[in-house]
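Read the structure below first, then the notes.
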2 protein chains.
Amino acid sequence: MDMNHPSIGRYDFCVEPFSEDYAGRLSWGTLGNHLLRCSSLHAGTHGFGYDQMQAVRHAWVLSRLVIEMERMPRTGEKYGIRTWVNRVYRQFTDRQYAIVGEGGAVCGYGSSVWALIDVASRQPADLESLPGGGFAAALLPDTAVPVKGAGRIRLREAAPAFTRTARYTDLDINGHVNSIRYIEMVLDLFPTSVLDAQDVRRVEMAYCSESHCGDVLTLFHEEQAPGTHAVEIRKADGETAVKALVRLAPR
Amino acid sequence: MDMNHPSIGRYDFCVEPFSEDYAGRLSWGTLGNHLLRCSSLHAGTHGFGYDQMQAVRHAWVLSRLVIEMERMPRTGEKYGIRTWVNRVYRQFTDRQYAIVGEGGAVCGYGSSVWALIDVASRQPADLESLPGGGFAAALLPDTAVPVKGAGRIRLREAAPAFTRTARYTDLDINGHVNSIRYIEMVLDLFPTSVLDAQDVRRVEMAYCSESHCGDVLTLFHEEQAPGTHAVEIRKADGETAVKALVRLAPR
């Protein structure tokens, strides 16, 4: 597809010092934060950003996020995020991402599912019946990225791996544990002895319920096939905050 | 002092979505990472950056960091970091920071102490006898920022507050828990019920020894005067990784 289409947001970055992991690859936390930031900037440009929605007492809620990387950009490398919206259906909208490395070759793709909720009632809005046609003008139908979307994540015999209390620096501006911190918690299941030999190729997140400051979060883990890890983060009362699926591949 | 002096590095930012804390203030983690990044960029510009030091098998190690904020920039606000080196003595060099808000008014200051170590021997280099005069040309003597520098932090009757295992996403490119993650751990001592009414005004960090993936870190805490909190992060063998002093002030 034409990455210069005016409905595609184009944002350029560089793997700066202190944004890499221990192996000199762009960290998943930095990449995740930049994906959310680009979503926000792109939505704002097209009239359905955080501020515009806040003015009508609505807020975007991330429901699913998939990031699949063929390779991570490395220290000092320039890279770009391209993002667009390809689908609106009932209460949901799908946003796609391409991550391009220096020279423009694709390093990976992402996709996400968002709901727009009424801040007062916490109920989702029907996106197809928004006044003014909603953001139909920015839609690029039939342009899903060529990676599998979010699926159903089911754990059978998960064992508790570790517990972590949600604290101040885990919170986003809504006072909930931020979406990207959960990705970090999930990847923290893997010691460097594993990551020395394997790359994280795909991370799939299903955001189920919000956690707050002080919540005790337990990570349950099940390796469902070699390199395929299902994870569930549960609060003390047993409610699921997040489900995740991580795929590792030998380097 | 003249903030346009050619020896002062000037870097401009904006409080982007997903870089704030729960109250819509620039997060300490983001600010800390940007301070380190500006240090690195400024050092690189003047010939003593990460790459240049790596080529001669040396590396910069952060020893002390003080950040004192009169106010934190808020969501959407433009802000800038100004940084320069004001002192070289034996194995150490002092770097100063001014954080300026939109319009140029100062929001806060920082100062830091760095050592340059030989990567093979882990011994510090004598910075005053570097070949080529070292970075004397970029020095701005007598230009310390108007906040108290790093002092000695001593805990008397500290109680263990919480334990946290160092994991993958805590690590920097050297495989050690990154300097800014420790700031986050220290601030995580404070629940939102405290931070609703008080601002973090000053954070002072003394980096004592490195932690690695898997290290079990325990935070010890002592309120030494109203709003003045001393913290020590110890590894399982009792060795101190970090000492910190945090000052809160009613909003």
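Residue numbers start from 1 in every chain, and the chains themselves are labelled A, B, ... in the order their sequence lines are given, proteins ahead of strands.
Top candidate by heavy-atom pairs under 4.5 Å with chain B, chosen from A/H176, A/R181, A/H34, A/M185, is A/R181. Per-residue counts of heavy-atom pairs under 4.5 Å with chain A were compared for B/L187, B/N174, B/I180, B/N33; the largest is that of B/L187. Highest contact tally toward chain B, considering only A/Y50, A/W28, A/F162, is held by A/F162 [criterion: heavy-atom pairs under 4.5 Å]. Ranked by heavy-atom pairs under 4.5 Å with chain B, the list A/D51, A/T192, A/L41, A/D170 is led by A/T192.
Proximity to chain A involves both the backbone and the side chain of B/L36, based on heavy atoms less than 4.5 angstrom apart. Heavy atoms of B/T75 lying under 4.5 Å from chain A belong exclusively to its side chain. Heavy atoms closer than 4.5 Å to chain B are found in the side chain of A/L195, but not in its backbone. Proximity to chain A (any heavy atom under 4.5 Å) is shown, for B/F18, by both the backbone and the side chain.
To the nearest 0.5 angstrom, B/Y22 atom OH is 15.0 Å from A/N178 atom CG. Note that OG1 of A/T163 and CZ of B/R164 are 13.0 Å apart. Values are rounded to the nearest 0.5 Å. Rounding to the nearest 0.5 angstrom, the gap separating the CG atom in B/D188 from the SG atom in A/C213 is 8.0 Å. Atom CD of B/E16 and atom OG of A/S40 lie 9.0 Å apart (nearest 0.5 Å).
Taking a 6.0 Å sphere around CD of A/E70, one finds it holds 12 or fewer heavy atoms contributed by other residues, nucleotides or ligands.
Within the 4.5 Å cutoff, no side-chain heavy atoms of A/R167 are placed close to those of B/E184.
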